[in-house]
There are 2 protein chains.
Amino acid sequence: MLKPVKKKTLPEEIIEQFKQQIISGNWKPGDRLPPERELSESLGVSRTSVREALSAFTAIGLIEVRVGEGTFLASDIAPLYKRELSSKFLVKRGSLLEVVEARKIVETQLAYLAALRATDEDLNKMEKILDNMGKRIASQSSFMEYDVAFHFAIACAARNTILLETINAIAELFRSVHREVVELPGMPQLSYSLHNQIYEAIKKGSCAEAQEAMMKHLSVVEDRIKNMPLDDKL
Amino acid sequence: MLKPVKKKTLPEEIIEQFKQQIISGNWKPGDRLPPERELSESLGVSRTSVREALSAFTAIGLIEVRVGEGTFLASDIAPLYKRELSSKFLVKRGSLLEVVEARKIVETQLAYLAALRATDEDLNKMEKILDNMGKRIASQSSFMEYDVAFHFAIACAARNTILLETINAIAELFRSVHREVVELPGMPQLSYSLHNQIYEAIKKGSCAEAQEAMMKHLSVVEDRIKNMPLDDKL
DNA sequence: TGGCTCCAGTGGTCTAACAACCTTACATTT
DNA sequence: AAATGTAAGGTTGTTAGACCACTGGAGCCA
């Protein structure tokens with residue numbers, strides 16, 4: 001089998017260049033971008049193509065356009081939230097169960113590996129995250145952030161780049177409904193306790209225990225999704 | 001809080017309408033959307049505005065545009081996930097041993113699930129691939145293609161989109177060196193035999209056996225990599 | 001100071017046209 | 001009959017140029 005000759009479209013290439021500008025720091029959050037006409041001239045393309053590229057950035061919340069004023073790079077560093085609103089209605093409950101199944105497979109093994117390989121530094125990080133999680137049981141939104149961070153820390157401790165990026169990608173999908181799972185009464189407390197069990201197992205270096213604790217945690221999540229109101233499935 | 005004073009832009013309104021079409025079920029996953037010109041006429045706007053709206057949907061992976069063919073609604077969460085995954089994998093790539101470790105974790109469970117869920121059609125496909133593989137033990141290049149196809153067939157039979165895309169992405173990383181692993185003397189025969197064991201286990205519906213057979217296969221691959229010259233490991 | 005007009009800059013939208021590309025059907029060659 | 005080449009129609013990709021609507025500021029005037 002040969003490689004599938006990919007031909008990038010103009011707006012796609014423009015998007016790439018814009019990304020570069022952001023990554024390199026040439027464009028900083030809050031900055032005003034050059035006018036569309038200027039951009040089209042610099043890039044040697046039509047204004048239409050530039051606008052389509054900008055339209056894509058707008059969709060994922062990376063830029064903000066103000067008529068008569070100009071185009072601005074989002075000052076907010078978490079533009080991912082806008083994307084979730086856009087795509088949420090596509091993620092059905094059935095798909096979510098697939099996602100949880102994948103998490104069960106990958107994350108249990110990640111916990112296993114973490115118990116095997118975690119350094120003191122890794123453990124400190126996890127403990128700090130758990131601390132913050134405990135203090136924020138009341139406020140769902142930031143609790144969720146620490147929840148995600150904890151799983152991320154485990155993946156880091158497992159020392160496998162491939163699986164780390166895999167979990168990262170999955171987490172992005174999951175983010176959109178994570179909130180509803182966590183917001184149920186009694187859920188944060190339960191979740192906090194389960195995360196603690198995972199941490200203790202990893203700290204002890206007990207692979208099987210860590211694996212099992214993670215499985216228990218994800219099974220709870222799975223149950224929650226199965227019991228989600230039907231309105232949310234589409 | 002006073003007046004939000006909403007002045008929606010044309011593409012934004014179009015996006016809203018498209019969302020409605022999706023939610024209401026008028027447009028189903030995989031469907032081909034009407035041509036841009038037709039949409040612009042129906043909506044009473046220019047093609048430019050329609051294209052900007054579509055550009056936004058493309059950015060978040062909800063639609064796929066094929067030149068000369070048309071615009072299609074994403075069939076499932078797979079495109080969303082694939083987008084996430086590819087962007088992450090572009091940045092980082094792991095060493096070969098990391099890749100094999102990831103494969104051991106994901107593919108053993110995939111074999112397990114395949115043994116649980118494979119239909120007759122799935123099994124037929126696998127058998128056909130194995131047949132071709134057997135006939136091509138001599139020629140490394142096409143042998144490798146069937147090898148990859150077999151693993152892909154298992155992932156399909158496991159009925160989990162997320163893991164399927166994950167394995168796809170990993171396979172892409174692995175492809176570059178797969179050849180060197182297979183080209184060793186005696187390797188195709190051994191590999192063919194191990195693949196057959198996996199197939200038989202799945203056909204029997206024996207989950208544990210399938211899982212174990214896959215693990216045996218990947219362990220062989222792992223050994224081969226460990227014995228490879230150092231330059232090729234990264 | 002306060003309000004006014006005017007204006008240059010900017011994004012929003014449209015039109016019409018051509019290019020690049022895919023599929024299908026048909027004709028040609030072998 | 002099978003493989004190959006060709007033409008046509010439909011579709012997205014891209015462009016140029018034009019006009020509109022809105023914003024901010026400069027400068028004018030009471």
Side-chain angles (χ1 to χ4, degrees), chain A residues 2-18 21-22 27-75 79 82, chain B residues 2-18 21-22 27-75 79 83:
Chain A
L2 299 175
K3 55 164 189 176
V5 181
K6 72 168 169 185
K7 41 179 180 185
K8 264 190 186 164
T9 178
L10 261 187
E12 276 171 357
E13 271 184 33
I14 298 175
I15 288 174
E16 280 310 310
Q17 291 212 36
F18 285 0
Q21 292 295 320
I22 298 174
W27 293 351
K28 291 166 196 161
D31 274 6
R32 179 181 151 177
L33 274 51
E36 295 175 354
R37 288 170 175 85
E38 196 176 311
L39 284 172
S40 74
E41 195 181 350
S42 311
L43 293 163
V45 298
S46 74
R47 205 180 138 209
T48 311
S49 299
V50 172
R51 280 184 61 83
E52 282 186 22
L54 291 177
S55 183
F57 275 99
T58 305
I60 59 178
L62 220 54
I63 65 173
E64 184 189 353
V65 180
R66 297 202 278 269
V67 191
E69 284 188 71
T71 308
F72 300 81
L73 206 57
S75 49
K82 296 196 175 175
Chain B
L2 292 179
K3 41 188 174 175
V5 179
K6 58 160 112 188
K7 39 178 179 179
K8 265 189 184 164
T9 176
L10 220 30
E12 276 170 357
E13 273 184 30
I14 298 175
I15 288 175
E16 279 311 310
Q17 290 213 37
F18 285 0
Q21 292 295 318
I22 297 174
W27 292 351
K28 290 167 195 158
D31 273 6
R32 180 183 150 174
L33 273 51
E36 295 175 355
R37 284 172 177 84
E38 197 175 310
L39 284 173
S40 72
E41 195 181 351
S42 310
L43 293 163
V45 298
S46 75
R47 190 153 81 103
T48 312
S49 298
V50 172
R51 279 184 62 81
E52 282 187 22
L54 291 176
S55 183
F57 275 98
T58 305
I60 57 179
L62 273 178
I63 64 172
E64 185 188 352
V65 179
R66 298 204 278 269
V67 190
E69 284 187 73
T71 308
F72 300 81
L73 202 57
S75 49
R83 172 170 296 269

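In what follows, every chain begins at residue 1, and chains take the letters A, B, ... in the order their sequences are listed. Quick note: numbers below take in every heavy atom, side chains included, and nothing from hydrogens, waters or symmetry partners.
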Measure the shortest side-chain to side-chain distance between A/L39 and A/F18 over non-hydrogen atoms and say whether it is less than 4.5 angstrom.
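Answer yes - side chains close enough.
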Atom-to-atom span, CD of B/E64 to P of C/dC22 - whole angstrom
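From B/E64 CD to C/dC22 P: 13 Å.
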Pick from A/D31, A/I22, A/T71: which one makes a side chain to side chain contact (heavy atoms under 4.5 Å, CB included) with A/I63?
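Result for side chain to side chain contact (heavy atoms under 4.5 Å, CB included) with A/I63: A/T71.
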When you check every protein heavy atom under 4.0 Å of nucleotides 8-15 of chain C, what one-letter string (B, S, -) results, 5' to 3'?
-BBBBBBB
All side chain to side chain contact (heavy atoms under 4.5 Å, CB included) counterparts of A/E69, not counting sequence neighbours
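Checked A/E69 against side chain to side chain contact (heavy atoms under 4.5 Å, CB included); matches are A/R66, A/F72.
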Please enumerate all residues that pass side chain to side chain contact (heavy atoms under 4.5 Å, CB included) together with A/Q21, with sequence neighbours excluded.
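Expected list: A/N26, A/W27.
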Are the charged groups of B/E36 and B/R47 less than 4.0 angstrom apart, N to O?
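Judged by the 4.0 Å cut-off on N to carboxylate O distance, B/E36 and B/R47 do form a salt bridge.
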